[in-house]
Amino acid sequence: MMRQRICCIFLIGLVLFSWPCRLLAAEGMWLPDTLNTLPLDRLKKLGLKLKLEEIYNPNGASLADAVVMVGGGTGQFVSPDGLILTNHHVAYDAIAAASTPERNYLEAGFLARTRDEEISAKGYTVSITRSFKDVTADVLSVVKQSMSLEERQKAINARSRELAAAASNDKEGISAQVVEMLNGLSYYLYTYLVLKDVRLVYAPPESIGNFGGDPDNFQWPRHTGDFSFMRAYVGPDGKPAEYDKNNVPYKPKKYLPISLDGYKEGDFVMVLGYPGATYRYRESFSIEYRQNHLYPWQIQTLQRQIALLEQASRRDPASALRYSSELQSLNNALKNFQGSLQGLKRSKLLERRRAEEAAFMQYVEQTPNWKAQYGDALPQLASLYRDLMSYQAKQNVLSGLLNAGSTMSLLAAAWDRARDRDKPPEDRTSDLTDEAIEQLKKTIPETWRDRNIELERGYIELFLQQADALPAEQKIASVESLFAGKSGADRRQAEAAWARQMLESSRIQSADDVIKLFEMTPAQLQAIEDPLLNFVGQAKAELAPLDERYQRFVAGVTKARPAYIQGMSRWKKTGLYPDANRTLRFTYGVVKGYSPRDAVFYDYMTTLRGVLEKESDEHPFKVPQRLKELFAQRDFGPYADRRRNDVPVAFISDTDITGGNSGSPIMNGKGELIGVVFDGNYEGLGSDYVYNPALSRCIAVDIRYVLFVTEKLGGAHNVIQELQTRHRAVGSK
C-alpha cells in the first residue's frame with residue numbers, strides 16, 4: 001500500500017511539474033498559483049505591465065480578490081462599496097423575479113437611485129475565493145490497493161467531505177469544498193466567503209441587455225449590452241448575513257479600476273473568472289458518446305421542451321414573464337449543444353483522438369515500464385463505456401420522466417428521501433440530509449402553487465414518447481406495463497390520457513400533502529395507494545440499479561482516466577493545465593478578428609452604428625428610441641472610440657473561456673477593466689474539447705458601452721459616480 005501511495009504521489013508530481021507547458025497560443029485556463037509557470041517574457045512582450053503578485057497574491061490584495069462567483073456566472077467588484085458588475089443574463093433571474101406585468105423591469109430596465117431602492121436578488125449569493133491548496137496526498141491517503149472501484153470512490157468522497165467540513169465555518173460565512181483536478185490526478189481544497197445578501201442596482205432594458213436575443217446568441221458580429229450592476233451586503237458586524245434592511249455594503253479587499261482608453265487589434269488582454277467545465281483531455285470513448293449519443297438526445301429533448309414553454313408563454317403577459325428566464329436558459333443550452341456537436345464533427349476530433357490513441361498504445365506495448373503504468377488505462381475505459389452504452393438511453397429517459405415538472409420531481413424526491421433514511425449515514429445522499437430537506441420544505445408551497453399542470457403534462461408525454469422509442473433491451477418496464485399492446489397513434493392518445501388523469505386525479509392535492517410525504521417510510525408512501533405516487537415509486541426503483549451502475553462507471557473512470565491523461569501528455573510531450581471546474585482561473589490573449597469561412601473576415605470591434613443597422617420593429621432587434629436619439633445627436637460623452645468616432649459596443653479576443661466565464665472582467669495589461677465577457681462565438685463552441693486559436697473567440701461588451709448606456713440612457717449617475725475611471729490624454733498610450 002505504501003509503495004502504491006509513493007508511486008501515485010510521484011506520478012502526480014511529474015504532472016504538476018509539467019504544467020509550465022509548451023503551449024504558446026492563448027490556450028489554457030490557469031490556476032492562479034501556477035502563473036509563474038507561464039511564459040512571462042512572452043506575456044510582457046504582448047503587453048502585460050503587472051507583476052504576477054498583482055494578479056494573484058495569497059498574502060495580500062490582488063486582482064483575483066475583486067473577481068467573484070455570482071449566480072451562475074462571474075462578476076467583479078468595481079467600487080469600495082460592494083458594487084458588482086456582471087452580465088444582464090447572469091442577473092436575469094433577479095430582474096425577472098422582481099418584475100410584474102404592471103412593472104416589467106425586463107422591458108423597461110431597473111434603476112435604484114438610492115441604496116434603499118435596491119431590490120433583493122432572491123436566491124443569489126456572491127462567493128469570494130479565500131484560499132486554495134493542494135490536498136492530493138491527504139485525499140489519496142485513504143485509498144487501499146484491496147479496495148473495489150466503488151470502495152475507492154467512496155473513500156475519496158468521504159475524505160474530501162471531511163476536509164471540507166473541517167475548513168468550513170458557517171458562523172463566519174466560510175464554505176469549503178474539495179475539487180478534483182485533471183480528472184483525479186490531484187485534489188484541491190477551496191474555501192470561500194459566501195455573501196448571502198445580494199441586491200439589484202441597475203439593469204438596462206432587455207432591448208439593450210439582450211439585444212439580438214437567440215438569433216444573435218453565440219454569433220459575431222454582436223451588438224448586445226449584456227451587463228447589470230448588483231451590490232453585495234453584510235451584517236453591521238461585517239459578517240455575511242441574510243437580507244436585512246440594516247445590512248451594510250460589503251467592503252472588498254480589491255476593486256477594479258476602469259479604463260476608457262480602449263484597445264486596438266493585437267493588444268494584450270487577460271481574464272479572471274470561474275469557467276464551468278471543459279473536457280480537453282477526454283479519450284475517444286467519451287467523445288464518441290457525447291458526439292453520437294448524448295448531444296443528439298439533448299438537442300431533441302430541448303427542442304421539444306422549448307416548444308412547450310413557448311406555447312405556455314403565449315397565454316398571457318404573466319406567463320411570458322414567468323417562463324422568460326427558463327426559456328432563455330434552454331435556448332442558450334440548445335444552441336450550445338448544437339454548436340458543440342457541429343464543432344466536434346468539423347474538427348474531426350474523434351477520428352484524430354482514435355489515431356493518437358492507436359499510436360500511443362503501439363508505443364506503450366513496446367515500452368515495458370510504460371506498459372506497466374499506462375497499459376490498462378484505455379482498455380479499462382473502453383470496457384466502462386461499453387457498459388454505459390448498454391443502459392444510458394434508458395437512464396436518461398427515465399431520469400427525464402421523473403423530473404418532468406414540479407409534481408413528478410417532488411414525488412420522486414419524497415421517494416428518494418424515504419429510501420435514503422434506511423441507509424447508513426456515510427452512504428446517504430448529501431442533498432437529502434435533514435438540513436437539506438428542511439430547506440426544500442420551505443420552497444414547496446411556492447413551487448406547488450406555481451405549477452402549470454398543462455405544461456407538466458406536455459413534459460410527461462415527451463418522455464413517454466421517448467420511452468416508446470427506446471431499443472428493446474432498454475425498455476422501461478414501469479412504462480411499458482401501462483401501454484402494453486399499443487403503438488403509433490393509439491399509444492400517443494393513451495399516453496396523453498394517462499398523463500392528464502395522473503396529474504388531475506392524484507390524492508396529492510396540496511403543498512401540505514407533499515410536505516408530509518418527506519416524513520414517511522417507503523411502506524407508508526405505498527400505503528397511500530395514489531396511482532401517480534406509486535408509479536413514481538416503481539420508476540425510481542427501476543432507476544436505482546441504473547444509477548448504481550453509473551456510480552460504478554464514474555468510479556472506474558476516476559481511477560483509469562488520470563493514467564490515460566498523464567500517459568498521453570508524456571507521450572506527446574505537452575504540458576497540462578486542469579480542465580475548467582468552476583474554480584478561479586486566469587487566461588490571456590490578444591484582441592483579434594478571425595475568418596470563419598472562405599472569403600469572410602470579421603473585424604474585432606462592433607459599434608453603436610451596427611446596433612441601428614440591425615434595428616427592426618420586432619423583438620429582439622427593437623432599439624430604444626432614446627438610443628436612436630443619442631446616436632443621431634452624436635451625444636457620446638467620453639465614451640466614443642477615437643479611431644471609429646463611435647461608441648464601441650463589443651469586441652473579441654482569443655482568450656480561452658467557456659460557460660461560467662459570463663460576467664468575467666477582461667482587462668488590459670495594467671489590470672484595468674476594459675470589458676465584460678458574455679459569450680463565445682459559434683465557430684468556437686467545440687473548444688470545450690479542443691481549443692482552436694484560429695476560430696475560438698471570447699466576446700465581451702466594451703466597458704465604454706456599459707458606461708454610455710448606464711449614464712446616457714439609464715440616467716444612473718449615482719452608479720457612474722461610484723466607479724474609478726481612468727482616461728489618459730488623447731494620443732497617449
Side-chain angles (χ1 to χ4, degrees), residues 32 56-86 90-91 93-94 97 115 118-133 135 160-179 188-201 229-256 272-274 430-431 433-440 442-443 581-585 660 663-664:
Y56 170 72
N57 185 353
N59 301 312
S62 62
L63 295 178
D65 294 303
V67 184
V68 302
M69 277 190 282
V70 55
T74 300
Q76 61 258 227
F77 289 117
V78 289
S79 90
D81 288 333
L83 189 67
I84 296 169
L85 176 59
T86 187
V90 171
D93 285 355
R115 303 277 168 87
E118 293 173 2
I119 295 176
S120 175
K122 295 179 180 178
Y124 279 73
T125 60
V126 166
S127 297
I128 307 163
T129 299
R130 290 285 298 269
S131 67
F132 58 96
K133 65 178 181 178
V135 292
S160 296
R161 288 194 296 268
E162 289 172 0
L163 290 172
S168 298
N169 187 330
D170 291 340
K171 291 183 179 179
E172 299 296 325
I174 302 298
S175 174
Q177 63 173 332
V178 171
V179 181
Y188 272 62
L189 173 64
Y190 279 80
T191 62
Y192 300 94
L193 178 67
V194 182
L195 309 181
K196 302 176 181 179
D197 185 354
V198 185
R199 306 182 193 181
L200 190 63
V201 177
F229 288 93
M230 309 177 89
R231 194 185 307 277
Y233 282 78
V234 291
D237 59 358
K239 296 180 181 180
E242 299 287 350
Y243 175 86
D244 188 280
K245 65 179 182 179
N246 294 318
N247 285 351
V248 297
Y250 173 73
K251 301 292 184 180
K253 289 173 62 176
K254 178 75 175 179
Y255 62 93
L256 299 183
L272 280 163
Y274 289 87
S430 59
D431 56 359
T433 61
D434 291 345
E435 182 180 359
I437 292 300
E438 289 306 311
Q439 291 298 317
L440 174 63
K442 294 177 183 178
T443 68
N581 56 7
R582 202 70 173 116
T583 57
L584 184 62
R585 302 300 178 91
S664 295

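For reference, positions follow the sequence shown, starting with 1.
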**OP:** Scan T86, I119, V90 and name whichever one has a side-chain contact (heavy atoms from CB on, under 4.5 Å) with M230.
**Re:** T86
Original post:
Ignoring hydrogens and geometry, is there a side-chain-to-backbone donor-acceptor pair from E118 to V201 under 3.5 Å?
Top reply: no
Original post:
Quick one: are T583 and F132 in side-chain contact, heavy atoms under 4.5 Å?
Top reply: no
Original post:
Do the side chains of Y192 and T129 get nearer than 4.5 Å, heavy atoms only?
Top reply: yes
**OP:** Compute whether any side-chain donor of one residue and acceptor of the other, for S79 and D81, lie under 3.5 angstrom apart.
**Re:** no
**OP:** Show your working on side-chain contact (heavy atoms from CB on, under 4.5 Å) between L193 and Y250 and close with a plain yes or no.
**Re:** CA-CA 11 Å; L193 178 67; Y250 173 73; 3.8 Å; yes
Original post:
If you measure from OH on Y56 to CG on D65, what distance do you get to the nearest 0.5 Å?
Top reply: 9.0 Å
Subject >> Whether over 12 other heavy atoms sit under 6.0 Å from R582 CZ >> reply: yes
**OP:** Can you see which heavy atom on Y233 is nearest to which on P249, and at what distance?
**Re:** CD2-N, 3.5 Å
Original post:
Is there a side-chain contact between R199 and I84, using heavy atoms and a 4.5 Å cut-off?
Top reply: no
Original post:
Roughly how far, to the nearest 0.5 Å, is the OG atom of S120 from the CD atom of E242?
Top reply: 9.0 Å
**OP:** Please tell me if the side chains of F229 and V78 come closer than 4.5 Å, counting only heavy atoms from C-beta onward.
**Re:** yes
**OP:** Please report the closest heavy-atom contact between Y274 and T74, naming both atoms and the distance.
**Re:** N-OG1, 3.1 Å
Original post:
Looking only at heavy atoms, what is the nearest atom pair of L584 and A64, with distance?
Top reply: CD2-CB, 3.8 Å
**OP:** Specify the closest pair of heavy atoms between V248 and P236, including all atoms of both residues, with the distance to one decimal.
**Re:** CG2-CA, 4.3 Å
**OP:** Grab the two heavy atoms, one from L63 and one from K254, that are nearest each other, plus how far apart they are.
**Re:** CD2-CE, 4.0 Å
Subject >> Reported OG1-to-CD distance for the pair T443 and E438, which is rounded to 0.5 angstrom >> reply: 11.5 Å
Original post:
Where do T191 and S131 come nearest, in terms of heavy atoms and distance?
Top reply: OG1-OG, 2.6 Å
Subject >> Validation row: L195, I128 side chains within 4.5 angstrom (heavy atoms) >> reply: yes
**OP:** Name all residues meeting the side-chain contact (heavy atoms from CB on, under 4.5 Å) criterion together with V178; count only those two or more places apart in sequence or in a different chain, and write none if there are none.
**Re:** V135, V139, S160, L163, Y187, L189
**OP:** Count the heavy atoms of every other residue, nucleotide or ligand shown that sit under 6.0 Å from NZ of K251, and state whether that count exceeds 12.
**Re:** yes
